[in-house]
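So the structure is just underneath, and the comments pick up after that.
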Amino acid sequence: MQRAAAAATDRLGDPRPRALRAFAISLAFVFALAASIHPAIAAEDAEGSAAPSGGAPPAGTTVEASAELSTYTDTDNVTVVAPNARAGMRDDAEGWALGARYLVDVVSAASVDIVSTASSRWREVRHAVSVDGAYGPGDLRGAGSASVSVEPDYLSISGGLSPSWKLDDDHVTLAISYALGHDTIGRAGTPFSVFHRTLVRHQMSAGASFVLSPSSIVWLGADVVVERGDPSKPYRYVPMFDAQVAPQIPSGAHVALVNALRRDERPLEQLPTERERYAVTGRGLHRSSWATLRIEERLYMDSWGQLATTTEGRYAMDLSDRTTLSPDLRLHLQSGASFWQRAPTVTETDGAVVVPRLRTGDRELGPLAILTVGMDLRVALTPRLAAVRTALILRAAGMHTSFTDALFISRRQALFTALAFEGAFQ
Amino acid sequence: MMKKVARAIVLLVAAAGCTRVAPYQRGRLAHPSMTQSSVVGPGEQHVRAVQEGAVGGSLDATSGCGCN
C-alpha cells in the first residue's frame, strides 16, 4: 500500500466503467451471500418465530457474521477493490465478545506519480487479519485487539488494550487505550533481509462519554501517537528545481512542464525519523423518536507542523421499522508539513549541488481539503429482535479533494461504494 | 485556549452529574444508531488513513444504554 499511498491523481482515462464493473461484482457477491442463508430466514418466517419488536432480545450467545465488498475509484486512475468478512460471538449477559476479520485490498494504479516516472500500471494485493475480544460483566470492561497486514513490500503488526469503566450509575464512562504497531517497510521483489526499514508506533488514547439526557450523549477524547523510524517511501523520487525556476511551477503543473523545468537530480524522498501526533475529538449523539443526529469534530497537530480539522455530521433516519437512510457530510482540512515544498529547490555551493535534507512528494503531507458526501441505506431483512437477524447495507460516497499546493494535480474526484451483508443468530 | 477546554470539560461533567436518567428512560440511548464506534467500514477507514495526514479519534466507549 505504500505504492498506493505514493499514487495520486491524474486526468488520464475515465474510471467509471471500472467502477460500474466493481459495483456489479459487489452486488453479485452480497446477493450470493444473502441467498445462501435465505432458507434460514424462510424457515423462521414460516414458524412465526420473530420476536415482537417491543420485546426483550433472546438471551444467550449471539453468533455474528458479516461480509462487505467495497470499491474505490478516482480520477487519478487508482482503483481499489476490497472484500472483507468478519465473524464473531458475544454474550451480552455474560459480558464477553470475540471476533475476527479478514480483509483483502487489490490496488491497481496508473496515477500521475507513476506516469511521471515513466512506469507502467501496477497491481498489488494486501491481506489483513485482525482479532479482537472483550470481557467485562460489570462496570469494568477490558478489550484487546491484534492485527497483521501483509503486502509484498510492507508488513505491519499491531496490538492494543483498551479498558473502560462505567461510573456514576452508568452516566459516565471512562476509557483509555494503548496500542503498539511495528511496521517493516521494504521494496517489492527484494527480501526484507536485503532491504528494510522499521517504523514503530505507540498510540495512547483517553476519553470519556457523558449522558446528558435520556436522548443525548457526548464523548470527549484525546490521542497521542509517537512514531519512531523512517517512513520515507523507497519508490518516491522527488523532482528538484533551481531557486529561480521554482516560482514558475504552478500548482497542478503538468508532467511535461515539470520534466521540462526540473533539474537532473531526482533524489529519493526523505522524511523525519521522529513524529509526535496529537488529536482531540468531540462527538455528540442525539436520538429523537425516529432519527439520530451524530456530530463529530477532530482537531489535530503534529511535530511535523501539520494542523488539521475534521468535521463530520450524520443524520440516520428510520424510514420504516426495517429501513434506515443515513446521509452524511465530512470536511477535512489540513495544512502542509513544515518542510513541504511544491517545487523543492537545490542550493549550489562551490559547484556542489545540495538537495534539501527533508524532501517529499507526498501530497498528503501538503495542504489539502477533502469534502465527502455520502449516504447509507440499511435494510433489515428480519425484525430487529428476531432470533435470526439479517440486514443489507449499501453505501455510496463521493469525495472531492482539492490540493492547493501540489505538483501534477490540483483536484481529485473519487467514488467509494460498499455493499455489506450482516447476519446474527442465537 | 487550554482554560476554555478545561472549563468546557468541567461544565460537561457537572451537566452529566445533574442529569439522572433512570434505566427505564434509556430506550433511546440503547438504540443501535447511538453507538460511539465508527460508522464506516474498514474499507473507507483505510481510504481515509491513506489520504489524510491526521490520525486519532478512534477510541470509543459506549455508555448510558445500560447494556454491556
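Only a predicted model underlies this, so the values are computations on that prediction, with no experimental measurement involved. By convention in this document, chain letters (A, B, ...) are assigned in the order of the sequence lines, proteins followed by strands, and residues within each chain are numbered from 1.
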Between [options], which shows the greatest number of heavy-atom pairs under 4.5 Å with chain B?
{"options": "A/Thr401, A/Ile370, A/Leu103", "answer": "A/Ile370"}
{"options": "A/Ala308, A/Ser216, A/Ser289, A/Ala397", "answer": "A/Ser289"}
{"options": "A/Ser215, A/Gly366, A/Ala414, A/Ala316", "answer": "A/Ser215"}

Report task. Just give me the residue among B/Pro42, B/Gly41, B/Pro32 that pairs up with chain A most often, heavy atom to heavy atom, under 4.5 Å. Result ->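 Going by pairs under 4.5 Å, I would pick B/Pro42.
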Heavy-atom cut-off 4.5 Å, strictly under: side chain, backbone, both or neither for [X] against chain B?
{"X": "A/Met399", "result": "side chain"}
{"X": "A/Ala206", "result": "backbone"}
{"X": "A/Thr309", "result": "neither"}
{"X": "A/Asp169", "result": "both"}
{"X": "A/Arg314", "result": "side chain"}
{"X": "A/Arg86", "result": "neither"}
{"X": "A/Ile393", "result": "neither"}
{"X": "A/Asp328", "result": "neither"}

Query raised in the report: Can you check whether A/Gly95's main-chain N or O pairs, donor with acceptor, with A/Asp92's side chain at less than 3.5 Å?
Result: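 The answer is no, because no donor-acceptor pair under 3.5 Å joins these two groups.
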**Report entry** Which atoms of B/Val47 approach chain A - backbone, side chain, both or neither, heavy atom under 4.5 Å
**Finding:**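 It is the side chain, since no backbone atom gets that close.
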**Report entry** B/Glu52 bridged to A/Arg298 by N-O distance under 4.0 Å
**Finding:**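 A/Arg298 and B/Glu52: salt-bridged.
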Query raised in the report: Is any NZ, NE, NH1 or NH2 atom of the basic residue among B/Glu44 and A/Arg395 found under 4.0 Å from an Asp or Glu carboxylate oxygen of the other?
Result: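 Salt bridge flag = yes for A/Arg395 with B/Glu44.
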Query raised in the report: Which of these passes side chain to side chain donor-acceptor pair (under 3.5 Å) with A/Arg277: A/Gln306, A/Glu227, A/Gln203?
Result: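 The residue from A/Gln306, A/Glu227, A/Gln203 that satisfies side chain to side chain donor-acceptor pair (under 3.5 Å) with A/Arg277 turns out to be A/Glu227.
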Query raised in the report: For A/Val280, what residues pass the side chain to side chain contact (heavy atoms under 4.5 Å, CB included) criterion, not counting sequence neighbours?
Result: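 A/Val280 satisfies side chain to side chain contact (heavy atoms under 4.5 Å, CB included) with A/Ala222, A/Leu299 once adjacent residues are dropped.
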Side chains of [X] and [Y], donor plus acceptor under 3.5 Å:
{"X": "A/Arg378", "Y": "A/Ser326", "value": "no"}
{"X": "A/Arg287", "Y": "A/Thr292", "value": "yes"}
{"X": "B/Gln36", "Y": "A/Ser209", "value": "no"}

Query - Inter-residue atom distance A/Trp340.CH2 - A/Leu365.CG, 0.5 Å rounding - result: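 It is 7.0 Å, given to the nearest 0.5 Å.
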